[in-house]
Amino acid sequence: EAKRNGRNRYEYYDVRFDEENDEKFTLIQRLRPAVQANEFEVYYQPLIDLASNEVQAVEALLRWPQKDGSMIFPDKFIPLAESSGLIIPLGAWVLNQACEFCAKQHENGHTNLTVAVNLSFAQFKDGTLPAVVEQALQNSRLAPQFLELELTETILADENGTTGEQLEAIKSLGVHFAIDDFGTGYSNLNYLQTFSARKLKIDRIFINTLGIGENDAPLVAAIISIADSLGMKAVAEGIESKPALEKLIKMGCDLGQGYYWSKPLPAPEVERFLSNHPTK
Ligand code: C2E
Ligand code: MG
Ligand code: MG
Ligand code: MG
């Protein structure tokens, strides 16, 4: 009897595994033509300077709208775009869209707005990234200091290949960097000292419990102090409540991002947000 249960359980997982693979396979099949037809949309989420309450930047976040009105989120398709290599054309497209968007906001009077773009490790594979970044800046005529590239710890920890050289080449264009999802990735922190990023973004898993208990923030306080001592701005991701915000202000966090102010919005809606809020 136990053996039969075990076997049934095994078969159950087996079926699920196939279904999951089928779904992934179908999605990869649909990804390629979607990239070619620019079926994606870039949403933007504001980053707020906690001291002045001004919008300092917007982060570009990819969305894949479906014909039936539903939306596929990046956590689902970015990994597939990475493993299939499609992240190279898709990532270049996002960079161009984001730089163009930011240049347009400068024309609209938000002359100090920065745009942040996420990068995947897989975008460093073919060595073309520095040229892609340079081209996006040229096409949009956005001054390089208003482009910020968000890197994960995995990218910065890579000691093989040409990642380091490419990052230096991009840095020499005048572009800035942020370290994303800090605290969830690689744990050798040596890169923090050698790679000078402008911002350290504290992952939202450390933020979403803030303001609930009394002494719930020692790790967040420690990360803010790491940022401070290395000359980086600390950014809290995923701020959803006033108590969390107040706690972060008390701890000296520099910038915040989260549903408390706004979800990621399509371009026309974030333009409205910018016109209703003070910007830098
Ligand atoms: P990320 O770069 O850490 O982006 C922040 C994520 O947190 C976004 O999820 C955003 O919608 C979400 N978020 C922001 N504030 C809140 C909040 O208050 N509460 C909650 N629950 N969530 C909040 P999103 O847009 O689904 O993106 C997920 C991840 O996908 C991003 O994480 C990034 O790693 C990746 N991604 C998105 N767009 C791109 C892209 O253009 N290129 C690459 N390579 N990766 C991208
Ligand atoms: Mg990010
Ligand atoms: Mg993040
Ligand atoms: Mg992330």
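When a ligand or atom number is given, it counts from 1 through the structure's own listing order.
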Notebook entry, point to check: Which atom, among the N/O/S set of E59, is closest to the Mg ion (ligand 2)?
Noted result: OE2
Next item on the list: Drop me the distance from L62's CG to W93's CH2, to the nearest 0.5 angstrom.
Entry: 6.5 Å
Could you tell me whether [X] and [Y] make a salt bridge, using a distance below 4.0 angstrom between a side-chain N and a carboxylate O?
| X | Y | value |
| --- | --- | --- |
| K199 | E150 | no |
| K280 | D49 | yes |
| K76 | E23 | yes |
| K201 | E59 | yes |

Which bit of [X] gets closer than 4.0 Å to ligand 1, counting heavy atoms only: side chain, backbone, both or neither?
| X | answer |
| --- | --- |
| Q45 | side chain |
| E237 | side chain |
| I78 | side chain |
| I239 | backbone |

Next item on the list: Flag E150 as yes if one of its N/O/S atoms falls below 2.8 Å of the Mg ion (ligand 2), otherwise no.
Entry: yes
Next item on the list: Look at D180 and state whether any of its N, O or S atoms is less than 2.8 Å from the Mg ion (ligand 2).
Entry: yes
Next item on the list: Could you check V270, L47, I48, N112 and say which one makes a side-chain contact (heavy atoms from CB on, under 4.5 Å) with V55?
Entry: I48
Check: Looking at I179, T194, T163, N190, which hits side-chain contact (heavy atoms from CB on, under 4.5 Å) with L156?
Finding: I179
At the 4.0 Å heavy-atom cut-off, does [X] count as touching ligand 1?
| X | result |
| --- | --- |
| K201 | no |
| E82 | no |
| G238 | yes |

Over all heavy atoms of both residues, which pair between [X] and [Y] is shortest? Give the atoms and the distance, please.
| X | Y | value |
| --- | --- | --- |
| E153 | Y191 | CG-OH, 2.8 Å |
| S120 | E82 | OG-OE2, 2.6 Å |
| F101 | A267 | CE1-CB, 3.7 Å |

Subset of ligand 1 atoms that lie under 4.0 Å from at least one heavy atom of [X]:
| X | answer |
| --- | --- |
| P264 | 11 (O) |
| V94 | 41 (O) |
| L119 | 44 (N) |
| G258 | 15 (N), 18 (O) |
| E240 | 17 (C), 18 (O), 19 (N), 20 (C), 21 (N) |
| D181 | 3 (O) |

Note to self: Out of L90, T152, L62, D180, who is nearest to atom 40 (C) of ligand 1 when you count heavy atoms only?
What the structure shows: L62
Margin query: Please verify the inter-ring angle class for H106 with F146; under 30° counts as parallel, over 60° as perpendicular, anything in between as tilted.
Written below: perpendicular
Next item on the list: Look at the aromatic rings of H277 and F273 and report parallel, tilted or perpendicular, splitting at 30° and 60°.
Entry: parallel
Checklist line | Short N or O distance, Y259 and ligand 1, threshold 3.5 Å exclusive | finding: yes
Notebook entry, point to check: N/O of Q257 under 3.5 Å from N/O of ligand 1, yes or no?
Noted result: no
Note to self: Need the atom name: nearest N/O/S atom of D181 to the Mg ion (ligand 3).
What the structure shows: OD1
Check: Regarding K263 and the six-membered ring of Y259, is the cationic atom NZ or CZ under 6.0 Å from the ring centre and inside 45° of its axis?
Finding: yes
Check: For the Mg ion (ligand 3), does an N/O/S atom of D203 lie at less than 2.8 Å?
Finding: no
